[in-house]
Engineer: 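Have a look at this one before I ask anything.
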Amino acid sequence: MADKSNKPHKLKARLPRGLTDRGPAEIAATRQMVEAIRTVFERYGFEPVETPAIEYTDALGKFLPDQDRPNEGVFSFQDDDEQWLSLRYDLTAPLARYVAERIGTEHLVLPYRSYRFGWVFRNEKPGPGRFRQFLQFDADTVGAPTMAADAEMCMLAADTMEALGIPRGSYVVKVNNRKVLDGVLEVIGLGGDENAGKRLTVLRAIDKLDRLGSLGVKQLLGEGRKDESGDFTKGAGLDAEQIDIVLGFLEIDVAHNPSAALLPRDNPALANMKGGILYRVPPAISNSERFGVALQESEVIRAGIGELDQIRFLVESSGYGADRIETNFAVVRGLEYYTGPVYEVELTFEINDEKGRPVRFGSVGGGGRYDGLVSRFRGEPVPATGFSIGVSRLQAALTALGKLGSKAEPGPVVVTVFDKDRVADYQKMVASLRAANIRAELYLGNPKNIGNQLKYADKRSSPCVVIQGGDEKARGEVMIKDLILGAGLTAIKDRDEYLKKQAEAQFAVKQDALVEAVRKLLARHNIKTS
RNA sequence: GCAGGCGUAGCUCAGUUGGUUAGAGCGCUGGUCUGUGGAACCAGAGGUCGGUGGUUCAAGUCCACCCGCCUGUACCA
């Protein structure tokens, strides 16, 4: 028993769930993505701004810690003055706080266009590609009520996807307007405060269209739905006609000719449509005795479609067709603060995971108009619209797609230790390489044989090693071995060919030509020197 | 949160109706190896069998609870 106390309960090295460590390949991939996004955002005229990861909880929005569920959704804690603080869960609310503090001063010019990226935190169940700490990249325009600001967000989203190497056709920016859905719900009798809960249930059901299909949504709008594990989700309890109308709206194909969805009330061609505004509406809507006329005359729906039409016109004018930016009445987006147009970027390709199962990445970014968010801090209305990219999720998708990060970055040049007594000489060689901006390191392990040192360099993905044994030293030379060339040698069967390549892969140069020779070797393999 | 499935070495997995000191492959470390990377051979390290409690003469194996992971679902700014 006594000897066991040597290692009593070994501390288990472990990471809290939903969090992840990131190695060189992932970090390099993230850098590359952030750089691509930043370039596009700056091209659009947005300027950088940074806010801290911690804010007062009440500034972040609705998630106030309460007794029952103190940390639901958001990580919160109390300051020593007992005020509640939280880790930010998005970048929009902190921006609203930032703007509200500066609006009307010389430190903020309206319309204010800014971008920022950083870690955000959500205390919720993690899943594949879903973490409790993840990177977001946002752009926002504050103080511009015009739809031109929204159209710009959509074009920005499309340009960013392409800058990230996602080909046109493999993504789509979907645009909807919260006013359209709000109008529909109002007309079918779900207006008013007393129906707020039901409206939420309906919107949630609509949001699941791409995942559950129209049958699943139909069930959720009605009685409810049972999933494959037997769990039952209670539905919104709409009647058949209400359900038909909601589904009918979702199915209207507005993507490719949205302008046609809005026709002026006084268009003579519409005489037979009772002065309505919707064109090509499904029978469920036009035939509805109860709601048909009201739907077609709804001012809210008309306003919403009018805004969508403006966005459509603006992006089309700039050359962005429906292959990149489409109007889609099924997009819901956040339930909380959006007040007008909402956008969502979806990846449209499917890929399989390592077990061959299809993985949907779905939405990798989104945003919308939130005219109420800044005004929470101020009496006056402040229009704002923004767009946000989930960098972490997008990175997971791009990695799975093979666009990112699978290949190791080239390592440093390794100077081997041949003669233990001459470490200083080798260190000097390293220093001369470093002085020439070449990544280089001395082998710091046990130098008892050269083979191990080559193995090490190989594992580091070093482009080459430098060797100087007694023979080279006597001739005033160093040996350079090209590991990248050498890597292919074992595959070569032909002896002459092998010897030729071998000679290319390993060569001696005068000691004072070391730096130049290494530089040439790196250039041959397209490795940047700093 | 709810439902279901799964937890044995760093990884992938064996482990009999409950029965002695829990195994294999890969990986890792060292050696053969003071002149050359992916090889070969040899040796070694590494396990509270996810945790705690219970049943039993005896638990990796049976039971309960907890934790973690996976799938679905709910919530999601």
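Values reported hereafter were calculated over all heavy atoms of this structure, with side chains retained and with hydrogens, waters and symmetry mates removed. By convention in this document, chain letters (A, B, ...) are assigned in the order of the sequence lines, proteins followed by strands, and residues within each chain are numbered from 1.
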Engineer: Classify the ring geometry of A/Tyr456 against A/Tyr443: parallel below 30°, tilted from 30° to 60°, perpendicular beyond 60°.
Structural biologist: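 Because their plane-to-plane angle is over 60°, the rings of A/Tyr456 and A/Tyr443 count as perpendicular.
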Engineer: Measure from the ring center of A/Tyr115 to the ring center of A/Phe137 and say whether it is less than 6.0 Å.
Structural biologist: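 Distance test on ring centres: under 6.0 Å, yes.
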Engineer: Please give the distance between the P atoms of B/G25 and B/G7 as a whole number of Å.
Structural biologist: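 Each nucleotide's P atom is 23 Å from the other's.
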Engineer: Check whether the side chain of A/Gln453 and the base of B/G35 form a donor-acceptor pair under 3.5 Å.
Structural biologist: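 Such a pair does not exist between side chain and base.
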Engineer: Say you pick atom C1' in B/C66 and the same atom in B/A22; how far apart are they, in whole Å?
Structural biologist: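 To the nearest whole Å, 25 Å.
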Engineer: Starting at the 5' end of RNA chain B and moving along, which residue's nearest nucleotide shows up first, A/Arg225 or A/Glu472?
Structural biologist: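 By nearest-heavy-atom nucleotide position, the 5'-most residue is A/Glu472.
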Engineer: In this structure, how many angstroms lie between the P atom of B/U71 and the CZ atom of A/Arg130, rounded?
Structural biologist: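 About 13 Å, once rounded to whole Å.
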Engineer: For the P atoms, the ones on B/G35 and on B/C28, what distance do you get once it is rounded to whole angstrom?
Structural biologist: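 About 24 Å, rounded to a whole number of Å.
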Engineer: Give one of base, sugar-phosphate or nothing for A/Asp419, where a contact means two heavy atoms less than 4.0 Å apart.
Structural biologist: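 Touches nothing.
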Engineer: In this structure, how many angstroms lie between the P atom of B/U36 and the CD atom of A/Gln468, rounded?
Structural biologist: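 Those two atoms, CD and P, are 17 Å apart.
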Engineer: Taking only the side-chain nitrogens and oxygens of A/Arg422, find out if one of them lies under 4.0 Å from OP1 or OP2 of B/U34.
Structural biologist: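 So the side chain of A/Arg422 is outside the cut-off, no N or O lying under 4.0 Å from OP1 or OP2 of B/U34.
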Engineer: Using whole Å, what does the distance between atom P of nucleotide B/G1 and atom CG of A/Asn123 come to?
Structural biologist: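 The answer, rounded to whole Å, is 11 Å.
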Engineer: Check whether any side-chain nitrogen or oxygen of A/Arg204 sits under 4.0 Å from OP1 or OP2 of B/C76, and answer yes or no.
Structural biologist: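 For B/C76, OP1/OP2 do have a side-chain N/O of A/Arg204 under 4.0 Å.
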Engineer: For nucleotides B/G10 and B/G46, find the distance between their P atoms and express it as a whole number of Å.
Structural biologist: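 Comparing P positions in B/G10 and B/G46 gives a spacing of 11 Å.
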Engineer: Return the value, rounded to whole Å, for the distance between atom CG of A/Leu87 and atom C1' of B/A77.
Structural biologist: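 After rounding, the gap between these two atoms is 14 Å.
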Engineer: Looking at CG of A/Asp182 and CG of A/Leu190, how far apart are the two atoms once the value is rounded to the nearest 0.5 Å?
Structural biologist: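 Rounded to the nearest 0.5 Å, the CG-CG separation comes to 11.0 Å.
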Engineer: State, with a plain yes or no, whether a side-chain heavy atom of A/Tyr343 is found less than 4.5 Å away from one of A/Lys174.
Structural biologist: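 SC-SC contact between A/Tyr343 and A/Lys174 ruled out.
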Engineer: Decide yes or no for A/Phe75 and A/Leu85: does some side-chain heavy atom of the first lie under 4.5 Å from some side-chain heavy atom of the second?
Structural biologist: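 The answer is no, as the side chains (C-beta and beyond) never meet within the 4.5 Å cut-off.
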Engineer: Whole Å only: how far is the OH atom of A/Tyr456 from the P atom of B/U29?
Structural biologist: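 From A/Tyr456 OH to B/U29 P: 12 Å.
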Engineer: Got a second to check how far A/Phe377's CZ is from A/Ile103's CD1, nearest 0.5 Å?
Structural biologist: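 The CZ atom of A/Phe377 sits 11.5 Å away from the CD1 atom of A/Ile103.
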Engineer: Of A/Lys208 and A/Gly18, whose nearest nucleotide on RNA chain B comes first from the 5' end?
Structural biologist: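 The residue mapped nearer the 5' terminus is A/Gly18.
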Engineer: Go through the side-chain N and O atoms of A/Arg116 and A/Ser114 and say whether any donor and acceptor fall under 3.5 Å apart.
Structural biologist: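 Indeed, the side chains of A/Arg116 and A/Ser114 share at least one donor-acceptor pair under 3.5 Å.
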Engineer: Identify every side-chain donor-acceptor pair in residues 213-222 of chain A under 3.5 Å, counting partners at least two apart or on other chains, and give the distances.
Structural biologist:
none

Engineer: Please map the stems of RNA chain B, keeping only stretches of three or more Watson-Crick or G-U wobble pairs with both distances under 3.5 angstrom.
Structural biologist: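 Looking at RNA chain B, the stems formed by three or more consecutive pairs are B:1-7 with B:67-73, B:10-13 with B:23-26, B:28-32 with B:40-44, B:50-54 with B:62-66.
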Engineer: Hey, is the side chain of A/Arg122 pairing donor to acceptor with the base of B/A77 inside 3.5 Å?
Structural biologist: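 Flag set: donor-acceptor pair detected.
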Engineer: Atom NZ of A/Lys455 to atom P of B/G27: distance rounded to whole Å?
Structural biologist: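 Atom-to-atom, A/Lys455 to B/G27, this comes out as 11 Å.
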Engineer: Taking B/C33 as the reference, what is the distance to B/A40 when you measure between their C1' atoms (whole Å, please)?
Structural biologist: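 One C1' to the other, the span is 13 Å.
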Engineer: Taking atom P in both B/C13 and B/G54, what distance in whole Å separates the two?
Structural biologist: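 Nearest-Å result for B/C13 against B/G54 at atom P: 33 Å.
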Engineer: Decide yes or no, distance alone: a donor-acceptor N/O pair under 3.5 angstrom between the base of B/U73 and the side-chain of A/Lys226.
Structural biologist: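 Side chain to base: no pair present.
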Engineer: When you compare B/A77 with B/C2, how far apart are their P atoms, in angstrom units rounded to a whole number?
Structural biologist: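 Result for the P pair: 22 Å, nearest Å.
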Engineer: Starting at atom CZ of A/Arg132, determine the distance to atom C1' of B/G68, rounded to an integer number of angstrom.
Structural biologist: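 It works out to 12 Å between those atoms.
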Engineer: Using atom CD of A/Glu477 as one end and atom P of B/G35 as the other, report the distance to the nearest whole Å.
Structural biologist: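 Result: 19 Å.
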Engineer: Quantified in whole Å, what is the P atom distance between nucleotide B/U12 and nucleotide B/U32?
Structural biologist: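 Roughly 34 Å separates the two P atoms.
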